[in-house]
Amino acid sequence: MAKSIFGIIGLGVMGRSLAKNIIHKGFTLSVYNRITPKEKYVVSDFLKKVNNNNIQGFLNLKDFVSSLTQPRKILLMVKSGTVVDTVIDQLKPLLAPGDIIIDGGNSHYQDTQRRVKALEKEQLHFLGVGISGGEEGALKGPSIMAGGSSEQYELVQPIFEAIAAKDKNGDACAAFLGTDGCGHFVKTIHNGIEYAEMQLLAECYSLLSSKYSYPEISEIFSTWNEGALNSYLLSITSKILIKKEGEDYLLDKVLDQAGNKGTGSWSSQTAFQLGVPASMINAAVTARYISALKEKRAQLSKGISKNETGSSINVSTLKKAYTFARIINHHQGFEIIRAVAKANQWNINFSELARIWTQGCIIKSQFMESLVDVFKSEQSILENADFFSQLEQFESSVAQTLQYSLLNRIPMSCFSNSYSYFVSMTTDRLSANLIQAQRDEFGAHTYQRADQPNQSFTSKWTVNE
Ligand code: 6PG
């Protein structure tokens, strides 16, 4: 059989969907999956199912590698972490100089940086590529965020652009964003924004559930979805709410305990490392951790009574608060990207990044669509006059929403963090003068004065001289 121009290792959900997408676009493809007792028939079953002449499957890595045209282009769709290193080690002796390994998983960008360097020494290339859109996106058109070397990217660009989602102008939602770990880093922050977007919807659901039925909340969300708030996550949430199992809503049977695979906390860790406020992502990650403490929560909740205040929720107030919080969430996410890009000398085009997030990915939305233009003229979301004026206008709606949530014991930490962030960022004089004084008192860390700039002072704060 003729050689294939592209290879995929790993036929999990994402690998299988991408493989189908690639052959449906007319490219020739070789696939390989490890053989374990559980995965013995993965390749043969898949070949039977797709029944397509563009694809050949292998159970032997050497044969798989030999079936590819050179330079070989091999996409790894395996679990991120040590598995990626194991597969690279297995592949290395079989490859030739110039071959390209592409990691399509949710890898940590610093792992990708390490792998790029290590493989360079062996004259092999490594592209770290974030792929978003879940199973359906992978099959019908994902958003593809590539990092590595632009020359190597050019060799896979026609395939990536053919399989990617298309934006409103018909251009592929695939782009080369920067060197080494840039693609994986950007995908991590995509997920961080995704975490906070999901948490905001969970908080809206929680608040609305105190007064409205699931079909009513679903209706509220789908009405919001018809306008500027339109997003993939809002759309699926409005459908999830009314999914029934027999007479009951399926959602009521789902355990209130959410897991995670790490990209949310990586976003927060990275933001903390560089001193970037990412309070909404932090809150969303923390909310998942708290949700996981189910047993403890059940135990501590005994005997706690809910103060029903009788005050009501105004849906249009919540809508404004949600609009406000989403602006802050995106602002914080893009600011982490700005700081990390600077530290790594990645020249990321924000407008282009927003563009490839308008379709295919989990955070695609009408808001993202507007960011494509905003970033053509403005550096940051808060610099945009329209968004800033929405924040000013809707601030009181967030306050009212939070007031209701506090009086009714409904945790809304993501909303609350969006509010504190905006209020703090628009307050000239914060309370950090006291923090300076405390640090100086117990640790002689010195402090700066507003009336005598660029000098350090120290005082005996607790002694009256
Ligand atoms: C995507 C998703 C995808 C996955 C995340 C979820 O862009 O397609 O983000 O990558 O759903 O890994 O992460 P958690 O399992 O941590 O929620």
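In listed order, ligands and their atoms are each counted from 1.
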Hey, is ligand 1 close enough to [X] that some N/O pair sits below 3.5 Å?
X	value
I131	no
G134	yes
S132	yes

Measure the acute angle between the ring planes of [X] and [Y], then classify it against the limits of 30° and 60° as parallel, tilted or perpendicular.
X	Y	result
F64	Y32	tilted
Y153	F176	tilted
Y419	F324	tilted

message = For M198, which part has a heavy atom under 4.0 Å from ligand 1: side chain, backbone, both, or neither?
response =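 Neither part.
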
query = When you look at F367 and F387, which way does the ring-ring contact (aromatic ring centres under 6.0 Å, His included) test go after all the steps?
reply = CA-CA 10 Å; F367 182 71; F387 288 138; 4.9 Å; yes

ask   = For G133, is the nearest heavy atom under 4.0 Å from an atom of ligand 1?
value =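 The answer is yes, since G133 has a heavy atom less than 4.0 Å from ligand 1.
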
N-O pairing of [X] and [Y] below 4.0 Å:
X	Y	value
R16	D45	no
D248	K253	yes
E120	K117	no

Closest protein heavy atom (residue, atom, distance) for [atom]:
atom	value
atom 3 (C) of ligand 1	K187 NZ, 3.9 Å
atom 2 (C) of ligand 1	E194 OE1, 3.4 Å
atom 4 (C) of ligand 1	N106 ND2, 4.3 Å
atom 5 (C) of ligand 1	N191 ND2, 3.6 Å
atom 15 (O) of ligand 1	K261 NZ, 3.1 Å
atom 16 (O) of ligand 1	Y195 OH, 2.4 Å

inquiry  = Applying side-chain hydrogen bond (donor to acceptor under 3.5 Å, both in side chains) to Q299 and E295, what does each step give before you reach the verdict?
reply    = CA-CA 6 Å; Q299 191 193 339; E295 239 177 79; over 6 Å; no

In ligand 1, which numbered atoms sit nearer than 4.0 Å to a non-hydrogen atom of [X]?
X	answer
I362	1 (C), 2 (C), 7 (O), 8 (O)
N260	16 (O)
H190	7 (O)
R288	14 (P), 16 (O), 17 (O)

ask   = With ring centroids as reference points, do W357 and F334 lie under 6.0 angstrom apart?
value =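 Distance test on ring centres: under 6.0 Å, yes.
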
ask   = CG of N347: more than 12 outside heavy atoms within 6.0 angstrom?
value =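 It does not: N347 CG has 12 such atoms or fewer within range.
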
